[in-house]
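Computed over heavy atoms, backbone and side chain alike; hydrogens, waters and symmetry mates excluded.
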Amino acid sequence: MADDEKMQVDGDDGIDEISPMTLGHYYQRLFPHALYYKWLNYNGKLATTEFTHREFSFTIKDGIYLRYQSFKDSDELQRELQRLSPSKIDIGAIFTAPPKHAKSLQPGVFKPVSKELVFDIDMTDYDEIRTCCQGGAICAKCWRFMTVAMHVLDRALREDFGFTQIMWAYSGRRGVHCWVCDERARKLDDAGRKAVAGYLSLVRGGAEQGKKVNLTQRSAHHPHIVRSLEIVEEYFEDVLL
């Protein structure tokens, strides 16, 4: 994509113009069913609870959202994808029982037990500093902000936390998702996940507060900060000048 080319990805899910026929062909001919199953079953040939107790949610025709979908094996998932042709698939947590039975279980029995540690980096987070695009538009120039963010996050996850099973994927709209699949990461409770996110966060604030990076003399010398600055400096002239 040339620097002056912009890809517009606005819309509720960025998939409003995909016809049902196109989606049908995609799930019949292109969707990587075998790899998808291998990933979410964590390489086991026979379905384990990593797969059978996993919640899937589908957005189908007319924006209908189907939660608590689960499948006994790869073949059942493939048949359902080809039947429904969802415009969006959300991968949820692994529960104590197959999610499709959630409504029939006693309260307190159906609980989440694990989930990959997922980070979402959105291009719109950079609207205050990028000068080429705004909103849902993306070009090769502003995508470099995502490249820097991915390098910073990937190095921190590997070097500071020792994670190794990390997958990066285009979000389908205007950003990227980082899936940390190590068992240690999948078993983290809410407090552990917040601690990891807090460690990686420098920009604080909300809609009513200007985003600022506040570094004390002590925190400025933290190895994570020093390493991140070195990565940013490598890209600074190329991205901003």
Heavy atoms only: give me the nearest [X]-[Y] pair and the separation to one decimal.
X	Y	value
Leu23	Ser85	CD1-O, 3.6 Å
Gly135	Thr124	O-CG2, 3.3 Å
Phe163	Ile166	O-CD1, 4.1 Å
Arg174	Ile138	CA-CD1, 3.5 Å
Val180	Ala185	CG1-CB, 3.6 Å
Asp120	His177	OD1-CD2, 3.3 Å

Evaluate the ring planes of [X] and [Y], with Trp represented by its six-membered ring, and classify them as parallel (under 30°), tilted (30 to 60°) or perpendicular (over 60°).
X	Y	value
His33	Phe31	tilted
Tyr37	Phe51	perpendicular
Tyr199	His224	parallel

So [Y] and [X], do their side chains get closer than 4.5 Å, heavy atoms only?
X	Y	result
Phe56	Leu81	no
Trp179	Ile91	yes
Trp143	Val176	yes

So, the side chain of [X] versus the backbone of [Y]: is there a donor-acceptor pair under 3.5 Å, distance only?
X	Y	answer
Asp182	Arg184	no
Glu55	Tyr68	yes
Ser74	Ala34	no

Are [X] and [Y] connected in the hydrophobic side-chain network, where two residues link if heavy atoms are under 4.5 Å apart?
X	Y	value
Phe71	Leu84	yes
Phe145	Tyr170	yes
Phe95	Val113	no
Ile60	Tyr65	no
Leu77	Leu46	no

Which residues satisfy the side-chain contact (heavy atoms from CB on, under 4.5 Å) test with Arg83, sequence neighbours excluded?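 With neighbours one apart ignored, the set is Glu80.
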
Tell me which donor-acceptor pairs under 3.5 Å the side chains of residues 188-198 have, and how far apart each pair is, sequence neighbours excluded?
| from | atom 1 | to | atom 2 | distance (Å) |
| --- | --- | --- | --- | --- |
| Asp189 | OD1 | Ala191 | N | 3.3 |
| Asp189 | OD1 | Gly192 | N | 2.7 |
| Arg193 | NE | Leu188 | O | 3.0 |
| Arg193 | NH1 | Lys115 | O | 3.3 |
| Arg193 | NH1 | Glu116 | O | 3.2 |
| Arg193 | NH2 | Lys115 | O | 2.5 |
| Arg193 | NH2 | Arg186 | O | 3.2 |
| Arg193 | NH2 | Leu188 | O | 3.4 |

